[in-house]
Amino acid sequence: MKIDGIKNQRIADKSSVKKSKAAGEINFFSLLEGQLHPPEPTATVQSTSFTDEPAVPAQLRLDGVFISENTIDLLESFENSLENLTLTETDLTPIIDALEHGTTSLLDIKEQLPKDDPLALLIDQVATISIIETEKFRRGDYS
């Protein structure tokens with residue numbers, strides 16, 4: 001590498017260098033400025049039916065998921081209890097009461113959710129199974 005050709009040349013400092021924008025060159029400061037202060041949108045975006053619905057509070061979603069999981073666990077406990085032939089109907093009644101209470105809570109949460117919400121669909125399925133099982137128990141199918 002030859003460096004003789006640049007021996008006695010003075011390197012210009014930053015303030016005297018002209019900023020040139022060659023094709024394909026990206027100016028970091030303009031990118032940063034664009035990120036910090038984005039330009040105002042020129043076109044308006046039409047709202048869709050999805051954005052017209054009110055936002056669902058996060059706590060409501062968490063409650064719905066928690067109660068759904070709890071109800072599924074109760075259904076599994078009920079299934080396991082049915083296999084135990086030593087348990088009587090009165091032994092199973094607390095599980096059924098808890099299932100009915102959980103189902104009521106789930107349906108209350110479902111009413112607050114949009115119809116096509118995935119959580120509402122899950123709650124509907126869990127509540128349906130819970131209602132079927134409690135009704136079968138109450139009418140004596142498991143006696």
Side-chain angles (χ1 to χ4, degrees), residues 1-3 5-6 9-143:
M1 180 172 166
K2 283 187 164 186
I3 58 171
I6 59 169
Q9 291 180 356
R10 183 167 185 249
I11 298 174
D13 69 82
K14 287 182 180 181
S15 61
S16 64
V17 175
K18 286 186 178 181
K19 293 182 181 178
S20 64
K21 194 163 190 172
E25 184 180 336
I26 298 173
N27 185 349
F28 172 76
F29 294 105
S30 64
L31 287 175
L32 180 64
E33 184 69 27
Q35 290 296 316
L36 293 176
H37 305 287
E40 294 294 321
T42 54
T44 59
V45 178
Q46 293 181 353
S47 62
T48 62
S49 62
F50 181 73
T51 57
D52 290 341
E53 295 176 0
V56 178
Q59 188 60 45
L60 181 67
R61 288 193 175 283
L62 290 173
D63 290 345
V65 170
F66 177 75
I67 296 171
S68 294
E69 288 177 344
N70 194 21
T71 304
I72 291 169
D73 291 342
L74 283 170
L75 286 165
E76 288 178 10
S77 295
F78 179 63
E79 178 186 19
N80 294 333
S81 298
L82 286 175
E83 293 173 0
N84 186 351
L85 299 177
T86 61
L87 294 176
T88 64
E89 192 173 309
T90 56
D91 295 332
L92 297 175
T93 302
I95 296 174
I96 293 299
D97 292 340
L99 277 172
E100 289 175 336
H101 178 71
T103 303
T104 303
S105 299
L106 283 174
L107 294 175
D108 289 342
I109 291 173
K110 183 185 173 217
E111 289 177 4
Q112 299 174 45
L113 296 171
K115 288 182 181 180
D116 295 336
D117 191 286
L119 181 58
L121 300 175
L122 172 74
I123 287 174
D124 190 44
Q125 291 174 354
V126 172
T128 300
I129 294 169
S130 180
I131 289 169
I132 290 170
E133 291 302 316
T134 55
E135 287 301 314
K136 286 169 72 175
F137 177 80
R138 296 284 185 208
R139 73 179 181 205
D141 287 5
Y142 298 119
S143 297

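Just so you know, residue 1 is the first one in the sequence shown, and it goes up from there. Any value given below was found using the heavy atoms of this structure, including those in side chains, with hydrogens, waters and symmetry copies removed.
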S.K.: For the residue pair K110 and D124, what are the closest heavy atoms and their distance?
M.R.: NZ-OD1, 3.4 Å
S.K.: One pair to check against side-chain contact (heavy atoms from CB on, under 4.5 Å): N80 and N84. What are the steps and the verdict?
M.R.: CA-CA 7 Å; N80 294 333; N84 186 351; over 6 Å; no
S.K.: With a cut-off of 3.5 Å and sequence neighbours excluded, list every side-chain donor-acceptor pair involving residues 96-107.
M.R.:
unit_1	atom_1	unit_2	atom_2	d
D97	OD1	R138	NH2	2.8
E100	OE1	R138	NH2	2.9
E100	OE2	R138	NE	3.2
E100	OE2	R138	NH2	3.4
T103	OG1	L99	O	2.7
T103	OG1	S130	OG	2.6
T104	OG1	E100	O	2.9
S105	OG	H101	O	3.2

S.K.: Decide whether D63 and Q59 meet the rule of one side-chain donor and one side-chain acceptor closer than 3.5 Å.
M.R.: yes
S.K.: Please round to the nearest 0.5 Å and tell me the distance separating atom CD of E89 and atom CZ of F137.
M.R.: 4.5 Å
S.K.: Could you give the distance from OG1 (T134) to CD1 (I95), rounded to the nearest 0.5 Å?
M.R.: 13.0 Å
S.K.: Looking only at heavy atoms, what is the nearest atom pair of P114 and A120, with distance?
M.R.: O-CB, 3.7 Å
S.K.: Assess the residue pair L82 and L92 against the criterion (side-chain contact (heavy atoms from CB on, under 4.5 Å)); give the C-alpha distance rounded to whole Å, side-chain angles, the decisive distance to 0.1 Å, and a yes or no.
M.R.: CA-CA 8 Å; L82 286 175; L92 297 175; 3.8 Å; yes
S.K.: Give a yes-or-no answer on whether the side chains of D91 and T88 include a donor-acceptor pair shorter than 3.5 Å.
M.R.: yes
S.K.: Any chance you could measure D117, atom CG, to I109, atom CD1, to the nearest 0.5 Å?
M.R.: 11.5 Å
S.K.: Using every non-hydrogen atom in the two residues, find where Q112 and D108 come nearest and quote the distance to one decimal.
M.R.: NE2-O, 3.4 Å
S.K.: Using every non-hydrogen atom in the two residues, find where I123 and S68 come nearest and quote the distance to one decimal.
M.R.: CG1-OG, 3.6 Å
S.K.: For F66, look at atom CZ and say whether over 12 heavy atoms of other residues, nucleotides or ligands are found less than 6.0 Å away.
M.R.: no
S.K.: Please report the interatomic distance CD(E133) to CD1(I131), rounded to the nearest 0.5 Å.
M.R.: 11.5 Å
